[in-house]
Amino acid sequence: MARLTLPQARRVALAAQGFHEAPPTGAVTRAHLRRLISRIQVLQLDSVSVAVRAHYAPVFSRLGPYDRDLVDRAAWSHSARSPRLLVEYWAHEAALMAVDDWPLLRWRMREYTDGRWGREIVRRNPRLAEDIVAAVAELGPSTAGQIEAHLEAEPRGRKGPWWDRSDTKWVAEALWSAGVLTTATRVGFARHYDLTERVLPPEVLAREVDDQQAIRELMLRAASSLGVGTEADLRDYFRLGAAQVKPALADLVAAGELEAIDLDGAPAYLRAGQKIPRVDRGTALLCPFDPLIFFRPRVERLFGFHYRIEIYTPAPKRQYGYYVWPFLLDGQLVGRVDLKGDRAGDALQVLGAFTEDGHDRVRVAEALAPQLRSMADWLGLGDVAIGDRGDLVAPLRTALVD
């Protein structure tokens, strides 16, 4: 059995995620985005927008500054010259994925016939589901509020017990999870639902994939995106169950698609044909929902980096900050910065900056400063403002002046 050391595995992981390649020298194009999606598979969606929404950040981290309209057009618009490239679904969590991959998750849509959460609300409203589908068919792309107004359903002030959502919103979300509805577009990040058959190409909707074959393909894609990983690492990428993946893993190993290896004493799998880089490469700021750091146990195992998002931690109890970006420098996670986009102040605020143990603060600051300037420019912000929390703020302030 082949054996990989942790440094080798880190290099494999970074190369698989595209960090060993230099960003394009010219404008980032749809072709660049398509290639990136084929590599990392998903762009996770999240409602938090402290600096920039999560689905835009991994593209910036790998391809450098780009026009965010590129992602918007790929995900939420369609034309004969520029067909829709991405679609939303539960791939990892709520995420953008390639339109062509829709059939690989039909088994999950069947599991979510009554939605992912609040199923009792959906089950007690079977007629409402029919009414919502009919309303969307008549209205075209619509928000839950627009659907509700059309149906003259319960007033917006009367909410159910779940996160202040109305029954209409719950049932619309269930229909989205079941694949009956999908996201036609977003305006101000508000989802506009439409019938799936009016959004996705007929050839995609017509393609049937056996459930086990779909799981096999998802596991292969996870292995390609991760490069190397344990069974738990591979399962997490598309949030698959242990019982689902064991036959797929055995089949992939038997077919020579994956190689069973020893990863620093633990059983793991290497994507067949994956080269093991000889040098450490990769420098980027990573948002909390970057695919490289999806699975926190893997991050800690490969990088020695303990990371938890602290959005839901009360402010006095936060160790690093509200929305903290790990900093990758030459293939190692060497620091973390708490970032906020301040439109009124025209600045990217570094509320806190911290160096990982064993790394030189000055070196980290000098490498981080241009990354922060690049992000500020990308976001249309004129300055980088340094706060006062963390051991890295003083050298970072100096590096930004130099």
Side-chain angles (χ1 to χ4, degrees), residues 41-47 53-55 75-76 84 86-137 139-148 151 153 159-186 189-201 204-205 207-209 211 214-215 217-218 221-222 235-241 244 289 294:
Q41 303 297 322
V42 294
L43 297 172
Q44 186 170 338
L45 294 160
D46 191 78
S47 60
R53 292 201 187 275
H55 59 285
W76 299 304
R84 186 185 299 264
L86 305 173
V87 65
E88 295 182 25
Y89 194 62
W90 297 115
H92 192 67
E93 289 297 317
L96 294 169
M97 66 179 191
V99 164
D100 288 345
D101 291 346
W102 180 265
L104 298 179
L105 288 162
R106 278 213 183 87
W107 58 271
R108 181 166 282 164
M109 296 171 199
R110 289 194 297 272
E111 287 185 356
Y112 292 161
T113 297
D114 294 323
R116 189 176 180 186
W117 296 291
R119 294 182 175 186
E120 68 280 7
I121 298 172
V122 176
R123 287 168 182 156
R124 72 171 179 249
N125 285 288
R127 178 64 183 272
L128 181 55
E130 296 174 8
D131 291 344
I132 288 172
V133 171
V136 171
L139 293 171
S142 309
T143 65
Q146 290 168 336
I147 295 167
E148 194 168 59
L151 296 176
K159 309 292 184 180
W162 293 77
W163 299 337
D164 288 337
R165 282 181 171 176
S166 67
D167 283 3
T168 301
K169 176 64 173 176
W170 275 111
V171 176
E173 282 292 288
L175 291 166
W176 184 87
S177 295
V180 176
L181 303 179
T182 191
T183 308
T185 190
R186 282 184 181 265
F189 206 62
R191 178 181 284 148
H192 288 239
Y193 302 93
D194 201 355
L195 303 180
T196 299
E197 60 264 30
R198 294 201 299 215
V199 174
L200 300 186
V204 170
L205 293 175
R207 192 165 70 248
E208 295 291 340
V209 182
D211 287 3
I215 300 299
E217 183 61 30
L218 291 171
R221 291 177 186 223
R235 282 196 289 110
D236 179 77
Y237 210 78
F238 290 102
R239 297 293 169 90
L240 303 172
Q244 285 179 300
F289 302 105
F294 272 164

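Worth knowing before you read on, the calculation uses all heavy atoms, side chains too, and leaves out hydrogens, waters and symmetry mates.
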Discussion item. Please give me the minimum heavy-atom distance between D46 and A54, naming the atom from each residue.
Written reply: CB-CB, 4.1 Å

Fill in: Trace of the side-chain contact (heavy atoms from CB on, under 4.5 Å) decision for R108 with L240
CA-CA 10 Å; R108 181 166 282 164; L240 303 172; 4.0 Å; yes

Item to complete: First locate atom OG1 of T182, then atom CE of M109, and finally report the distance between them rounded to the nearest 0.5 Å.
Response: 8.0 Å

Worksheet entry | Cation over ring face, R53 and F189, 6.0 Å, 45° | yes

Worksheet item: Which pair of heavy atoms, one from R84 and one from T183, lies closest together, and at what distance?
Response: NH1-O, 3.8 Å

Fill in: Closest non-hydrogen atom pair between V99 and P103, with its separation
O-CD, 4.4 Å

Worksheet item: Taking atom CG of L45 and atom CZ of R186, what is their separation to the nearest 0.5 Å?
Response: 5.5 Å

Fill in: Any donor-acceptor pair under 3.5 Å from R207 side chain to L104 backbone
no

Discussion item. Minimum heavy-atom separation for V42 and A91, please, with both atom names.
Written reply: CG1-CB, 3.7 Å

Practice prompt. Using a 4.5 Å cut-off on heavy atoms from C-beta on, say whether the side chain of T168 contacts that of D131.
Written response: no

Worksheet item: Do Y89 and W102 make the cut of ring centroids closer than 6.0 angstrom?
Response: yes

Practice prompt. For residues L128 and L151, determine if any side-chain heavy atom of one lies less than 4.5 Å from a side-chain heavy atom of the other.
Written response: yes

Item to complete: Please name the pair of heavy atoms, one in A98 and one in V87, separated by the smallest distance, quoted to 0.1 Å.
Response: O-CG1, 4.1 Å

Worksheet item: Can you check side chain to side chain donor-acceptor pair (under 3.5 Å) on Q146 and Y193, steps first, answer last?
Response: CA-CA 10 Å; Q146 290 168 336; Y193 302 93; over 6 Å; no

Worksheet entry | Salt bridge R124-E120, side-chain N to carboxylate O under 4.0 Å | no

Worksheet item: Can you tell me how far the CG atom of L175 sits from the CD1 atom of I147, to the nearest 0.5 Å?
Response: 8.5 Å

Item to complete: State which residue, out of F289, F238, F294, fulfils the ring pair (Phe, Tyr, Trp, His ring centres under 6.0 Å) condition with H92.
Response: F294

Discussion item. Can you tell me how far apart CZ (R221) and OH (Y237) are? Round to the nearest 0.5 Å.
Written reply: 11.5 Å

Fill in: N/O donor-acceptor pair under 3.5 Å between T196 side chain and G179 backbone
yes

Discussion item. Any heavy-atom pair between the side chains of R235 and Q244 that's under 4.5 Å?
Written reply: no

Worksheet item: Side chains of H192 and W76: does their closest heavy-atom pair fall under 4.5 Å?
Response: no

Worksheet item: Can R116 be said to sit on top of W90's aromatic six-ring, NZ or CZ under 6.0 Å from centre and within 45° of the ring axis?
Response: yes

Worksheet item: How long is the gap from CG on L105 to OG on S177, to the nearest 0.5 Å?
Response: 11.5 Å

Worksheet item: Mind checking whether L86 and M97 have side chains closer than 4.5 Å, heavy atoms only?
Response: no

Worksheet, complete the sentence: Between the CG atom in D194 and the CG atom in L200, the distance rounded to the nearest 0.5 Å is 10.0 Å

Worksheet item: Would you say the side chain of E217 lies within less than 4.5 Å of the side chain of V209, judging by non-hydrogen atoms?
Response: no

